[in-house]
There are 2 protein chains.
Amino acid sequence: MRPFKHPPASDLILERVLYALSDPVRLEIVQRLAEVSEASCGELDGGRPKSSMSHHFRVLRDAGLVMTKSVGTTHMNSLRRSDLDARFPGLLDAILAQRS
Amino acid sequence: MRPFKHPPASDLILERVLYALSDPVRLEIVQRLAEVSEASCGELDGGRPKSSMSHHFRVLRDAGLVMTKSVGTTHMNSLRRSDLDARFPGLLDAILAQRS
DNA sequence: TCCATAGTTCCAATATTATCGAACTATTGA
DNA sequence: TCAATAGTTCGATAATATTGGAACTATGGA
């Protein structure tokens, strides 16, 4: 599988980031990734169809929130925390402080 | 004109707030309101049709970001900064720190 | 080589949103 | 009371998003 395209930190757009996080499914993915620091797609679906999850991961990747790399037959996702903290200081902290 | 419905601070929903801010027009409104602290709708349209602006103000109000009160024939809008800071500490600061 | 697993891509259906003109409402001032 | 101003509401249209099934791709293991 060809590697995914991840925008460089300097290209991150605030509106895009906020939009990506405005969906409950995606926000939960990000919250989980903040805890475990790395997880496969399968570990993060809530019994949801794979195609739906694939869509959400793509939105998160395109917004620059999540980094995905191939590891064997799975895709490992991680939060681009340092990039985000550098570009939008305090944003992720404020969002993750939210207890759902 | 009947007063607007504003959600209490305790009812604010993170996803809703993020969604409201993910639109460029609305984000700009919020950024401007952070500077001037109070402004009428007309002062904040960028030559955009009134009906469009009215829509955006409603989204901002419903999300709990903006407070609107009638003053004579105009509607004065202000950022619900203290409510937002109490509910989502640091969020608004992080977003407003962004220079567009 | 064959099969299972993990995700992606494609597609169509449904739903949500943005935009803006037109009609409407409320308030002020003449 | 009438006109002007400030916004809202309504309605239609176009754009964009979400969802999920089906087919496809890539990798690892038997």
Side-chain angles (χ1 to χ4, degrees), chain A residues 1-7 13-30 32-33 36 38-79, chain B residues 1-7 13-30 32-33 36 38-79:
Chain A
M1 240 166 239
R2 67 193 167 296
F4 295 103
K5 198 183 53 172
H6 297 97
I13 297 165
L14 180 58
E15 288 94 322
R16 247 184 153 66
V17 170
L18 297 178
Y19 177 76
L21 292 169
S22 72
D23 180 276
V25 176
R26 292 192 293 260
L27 181 57
E28 197 194 328
I29 290 174
V30 167
R32 297 270 307 273
L33 282 179
V36 304
E38 204 179 45
S40 66
C41 300
E43 294 174 283
L44 296 171
D45 63 11
R48 270 173 262 270
K50 304 201 288 181
S51 53
S52 286
M53 294 309 287
S54 195
H55 162 70
H56 288 304
F57 276 109
R58 192 158 70 79
V59 173
L60 288 171
R61 270 195 304 269
D62 290 350
L65 279 159
V66 163
M67 207 289 255
T68 306
K69 63 177 173 185
S70 286
V71 175
T73 153
T74 81
H75 287 178
M76 274 309 187
N77 303 284
S78 56
L79 201 51
Chain B
M1 241 165 239
R2 64 195 169 296
F4 294 103
K5 197 180 55 174
H6 298 96
I13 297 165
L14 181 57
E15 287 93 322
R16 248 185 152 65
V17 170
L18 297 177
Y19 177 75
L21 291 170
S22 71
D23 180 276
V25 176
R26 291 191 294 259
L27 181 58
E28 196 194 328
I29 291 174
V30 168
R32 298 270 307 272
L33 282 179
V36 303
E38 203 178 46
S40 66
C41 300
E43 292 175 285
L44 296 171
D45 63 12
R48 270 173 261 271
K50 304 200 292 180
S51 53
S52 287
M53 294 309 289
S54 195
H55 163 70
H56 287 304
F57 277 109
R58 191 158 72 77
V59 173
L60 289 170
R61 270 194 305 267
D62 289 351
L65 280 159
V66 164
M67 207 289 255
T68 306
K69 63 177 174 183
S70 286
V71 175
T73 153
T74 81
H75 288 178
M76 274 309 188
N77 303 283
S78 56
L79 201 52

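To find a chain, count down the sequence lines: A is the first, B the second, and so on, and within it residues start at 1.
Taking only side-chain nitrogens and oxygens, B:T73 never comes nearer than 4.0 Å to OP1 or OP2 of C:dT27.
Atom NZ of B:K50 is separated from atom P of D:dT9 by 13 Å (rounded to the nearest Å). Atom CZ of A:F4 and atom P of D:dT25 are 15 Å apart (whole Å). Look at CG on B:L27: it is 14 Å from P on C:dA18, rounded to the nearest Å. Separating the NZ atom of B:K5 from the C1' atom of D:dT8 is a distance of 15 Å, rounded to the nearest angstrom. For the pair A:R26 CZ and D:dA17 P, the computed distance is 9 Å after rounding to whole Å. The CZ-C1' distance, from A:R16 to D:dA17, rounds to 13 Å in whole Å. Straight-line distance from the CZ atom of A:R58 to the P atom of D:dT19: 14 Å, rounded to whole Å. Here the P atom of nucleotide D:dG7 and the NZ atom of B:K69 are 14 Å apart, to the nearest Å.
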Inset, instruction - Test B:C41 against B:H75 for side chain to side chain contact (heavy atoms under 4.5 Å, CB included), laying out the working first. - result: CA-CA 6 Å; B:C41 300; B:H75 288 178; 4.0 Å; yes
Inset, instruction - Give the intermediate values and the outcome of side chain to side chain contact (heavy atoms under 4.5 Å, CB included) for residues B:R61 and B:R58. - result: CA-CA 5 Å; B:R61 270 194 305 267; B:R58 191 158 72 77; 3.9 Å; yes
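The two residues A:D23 and B:E15 have their closest heavy-atom pair at C-CG, 4.4 Å.
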Expected rows: protein N/O vs nucleotides 19-22 of chain C N/O, under 3.5 Å:
residue, atom, partner, partner atom, Å
C:dT19, OP2, B:H56, NE2, 2.6
C:dG21, N7, B:S51, OG, 3.2
C:dG21, O6, B:S51, OG, 3.2

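Between C:dG7, C:dA18, D:dA17, one nucleotide has an atom nearer to the side chain of B:Y19 than all others, and that is C:dA18. Of the candidates D:dT5, D:dG7, D:dG28, the closest approach to any side-chain atom of B:T74 belongs to D:dG7.
A donor-acceptor pair is defined here as one N or O able to donate and one able to accept, closer than 3.5 Å; no such pair exists between the side chain of A:R16 and the backbone of A:G64. A donor-acceptor pair under 3.5 Å links the side-chain atoms of A:N77 to the main chain of A:A39, judged by distance alone.
The side-chain contact (heavy atoms from CB on, under 4.5 Å) test with B:R26 is passed by exactly one of B:V66, B:L21, B:L65, B:L60: B:L60.
Using cut-offs of 30° and 60° on the angle between ring planes, the pair B:Y19 and A:Y19 is tilted.
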